There are 2 protein chains.
Amino acid sequence: MSTSPKPLLQRQTVTAMVAEYIAAKIIGGDYPGGHQIRQEAIAAELGVSRIPVREALLQLEAEGLVVIRTHRGAVVSDLSADDAIDLFDARLLLEPFLVKKAIARMSNQDIANAERALQDYEAAIARGDPKELSRLNWAFHTALLEPSMRPRSMAVLQTLYSSADRYLRLQIEPLKAQTKALQEHRDIFEAYRLRDAVETSRLLKKHVADAAEEIVSQLKRGEAAG
Amino acid sequence: MSTSPKPLLQRQTVTAMVAEYIAAKIIGGDYPGGHQIRQEAIAAELGVSRIPVREALLQLEAEGLVVIRTHRGAVVSDLSADDAIDLFDARLLLEPFLVKKAIARMSNQDIANAERALQDYEAAIARGDPKELSRLNWAFHTALLEPSMRPRSMAVLQTLYSSADRYLRLQIEPLKAQTKALQEHRDIFEAYRLRDAVETSRLLKKHVADAAEEIVSQLKRGEAAG
DNA sequence: GAATGAAATATTGGATACGATCGCCCGATA
DNA sequence: TATCGGGCGATCGTATCCAATATTTCATTC
């Protein structure tokens, strides 16, 4: 099953394109926390009307990337150590749990999918495009968890991840973090391949916890420094 | 703080009203799973244009109450035993965790708030209005968890809960479930008041697990029967 | 000079209007 | 008779336009 869930000829809607555009700006740091997003400005920038912009902003609000206040527009949500803790703690609960459920149900095809995702991530490190790396990193996590057949939990994680991504992009030494992540991914996959649920869950938890630790401590240094 | 979180002079937006209206229909079971929601029909029903209806539907999609497909409109999401398991497992991870964090930070005022929520729920059982009971049940859970200061996790739970509510409304013997819940709420609050994080977490977990068990077994009976 | 209050402006929320897509019906063809 | 293709109505996606709200500017008063 699920060889490639993405339709090849996607009938893309303007709203979806706008949402992707703004999300990329936020995640990439072009729109920092606190930045006011003006509907008219985005609309003009992309040559569309304000309607799809508003609908895109509603979706981004649900993802936690912006905060919308009535008659006052959308503002990019702030990053903070507290928020990162909130976010990563939720991931730390969900991901290790889901990977156990996934292993209990997964087919050999699912294992092959995860392996492929691992290889894609590895191959991308050399190229070093942060957006691409982020996508493939998340693709690996998704591949591990997808066989759990928990669409609702996966949707929650999807939204958590897009915010987590903002923090990952702030890292001072991305290459170092990526290399560390790659090795951890390899270890996780090895346990996964052997269907060792307990070990996979443990390694995945540590993987996420280490990344969280790194990010939170960096943020706290930044907040202390002002 | 927070005696009455609803602003007295509510500057309610049409979109919010429409979202509330449709959500109530779905949660109350008036719109069952699979029901097609026509933008024009809702708009005419409420005497508004399609714009706020569309925006409301986007919010409901983020809450998991409807599924929107491009050019094909919104459909009320289906209920199933698998979905209920997905949903309640996520709650089972998050709530016991958050209540521990809450106890570590809570003030006496927070305890008083929880006690008030408990009393409100108790008082409402006699009246038996399901919508009101559902609201107060959730208010109690929220009061317990709110001091954790985890807005992101709370937002996730909020969306999970609105779907969980659909299942709760299906229960065959609501009064029995509510009475059981009330006793459990009392026990949870007692441990909470004493700041016993481990015991509160344990009781809360069991409270949610029991409700989940009841709902899932009922659903499975229904699915088996066809 | 700071505070108050009333226009003027900027921006969002919502309504109307139009073009595009989907689904169904029905006839043509093999 | 079953399948394919075209037209038609229903519905959605988006643009344009108007109304309501928020913010800024600026004169006035103490």
Side-chain angles (χ1 to χ4, degrees), chain A residues 6-26 30-78, chain B residues 6-26 30-78:
Chain A
K6 52 181 63 169
L8 292 181
L9 196 49
Q10 186 129 8
R11 194 160 299 290
Q12 183 93 314
T13 179
V14 174
T15 298
M17 282 170 33
V18 174
E20 221 173 296
Y21 174 83
I22 301 176
K25 291 280 193 187
I26 295 173
D30 298 328
Y31 298 165
H35 175 83
Q36 266 272 11
I37 298 180
R38 297 294 178 197
Q39 300 173 4
E40 185 61 47
I42 303 287
E45 223 167 307
L46 300 180
V48 300
S49 82
R50 277 172 45 228
I51 297 288
V53 175
R54 290 179 44 177
E55 298 192 346
L57 288 172
L58 279 175
Q59 294 178 197
L60 299 185
E61 185 186 34
E63 286 188 57
L65 293 178
V66 306
V67 176
I68 298 178
R69 288 200 308 165
T70 303
H71 288 294
R72 237 162 291 184
V75 174
V76 177
S77 58
D78 281 317
Chain B
K6 53 181 63 172
L8 292 180
L9 195 48
Q10 187 128 8
R11 197 158 298 289
Q12 183 94 315
T13 180
V14 174
T15 298
M17 282 169 31
V18 174
E20 222 174 296
Y21 174 82
I22 301 176
K25 291 281 193 188
I26 295 174
D30 298 330
Y31 297 165
H35 175 82
Q36 265 272 11
I37 299 180
R38 297 295 178 196
Q39 301 173 3
E40 185 60 47
I42 303 287
E45 224 167 307
L46 301 180
V48 300
S49 82
R50 277 171 45 226
I51 297 288
V53 175
R54 289 175 53 87
E55 299 190 346
L57 288 172
L58 280 175
Q59 294 177 199
L60 299 185
E61 185 186 34
E63 287 188 56
L65 293 178
V66 306
V67 176
I68 298 178
R69 288 200 307 165
T70 303
H71 287 294
R72 238 161 291 184
V75 174
V76 177
S77 58
D78 281 317

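Keep in mind that this is a model prediction, so the values were computed, not measured. Below, chain A is the first sequence line, B the second, and so on; all start at residue 1.
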Nucleotide nearest [X] when distance is taken to its side chain, options [options]:
X	options	value
A:Q39	C:dT12, D:dT14, C:dA15	C:dT12
A:H71	D:dC12, C:dT12, C:dT16	C:dT12
A:V48	D:dT14, C:dC22, D:dA15	D:dA15

Check the distance between [N]'s [atom2] and [X]'s [atom1] and give it to me in whole angstrom.
X	N	atom1	atom2	result
B:E55	D:dC12	CD	P	15 Å
B:R54	C:dT16	CZ	C1'	14 Å
A:I37	C:dT11	CD1	C1'	14 Å
B:E40	C:dT16	CD	C1'	11 Å
A:Q36	C:dA10	CD	P	15 Å
A:I51	D:dT16	CD1	P	11 Å

With a 4.5 Å cut-off on side-chain heavy atoms, are [Y] and [X] touching?
X	Y	answer
A:L46	A:V14	no
B:E20	B:Q12	yes
A:E61	A:L58	yes

Check: C:dG13 base within 3.5 Å donor-acceptor of A:R50 side chain |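 Side chain to base: pair present.
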Counting only distance, no hydrogens or angles, is the base of D:dG13 paired donor-acceptor with the side chain of B:R72 under 3.5 Å?
->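 No, the side chain and the base share no sub-3.5 Å donor-acceptor pair.
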Spacing of [X] atom [atom1] and [Y] atom [atom2] [to the nearest 0.5 Å]:
X	Y	atom1	atom2	result
A:S77	A:H35	OG	NE2	12.5 Å
A:H71	B:T13	NE2	OG1	6.0 Å
A:Q59	B:I68	CD	CD1	8.0 Å
A:I42	A:Y31	CD1	OH	3.5 Å

Can you check whether A:T15 has a side-chain N or O nearer than 4.0 Å to OP1 or OP2 of D:dT14?
->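 It does, given that an N or O in the side chain of A:T15 lies less than 4.0 Å from OP1 or OP2 of D:dT14.
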Do the side-chain N or O atoms of B:T13 get closer than 4.0 angstrom to the phosphate oxygens (OP1, OP2) of C:dG14?
->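 So the side chain of B:T13 is within the cut-off, an N or O lying under 4.0 Å from OP1 or OP2 of C:dG14.
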Between A:R69 and A:V14, just flag the one whose closest nucleotide in DNA chain D comes earlier from the 5' side.
->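 On the 5' side of the pair lies A:V14.
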Identify whether any heavy atom of A:R38 sits under 4.0 Å from a base atom; if not, whether one sits that close to sugar-phosphate; answer base, sugar-phosphate or nothing.
->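 Sugar-phosphate: the residue A:R38, judged by heavy atoms under 4.0 Å, touches backbone atoms but no base.
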Tell me which residues in residues 56-68 of chain B put a heavy atom below 4.0 Å from DNA chain D, sorted by number, or none.
->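 Residues of residues 56-68 of chain B under 4.0 Å from DNA chain D: none.
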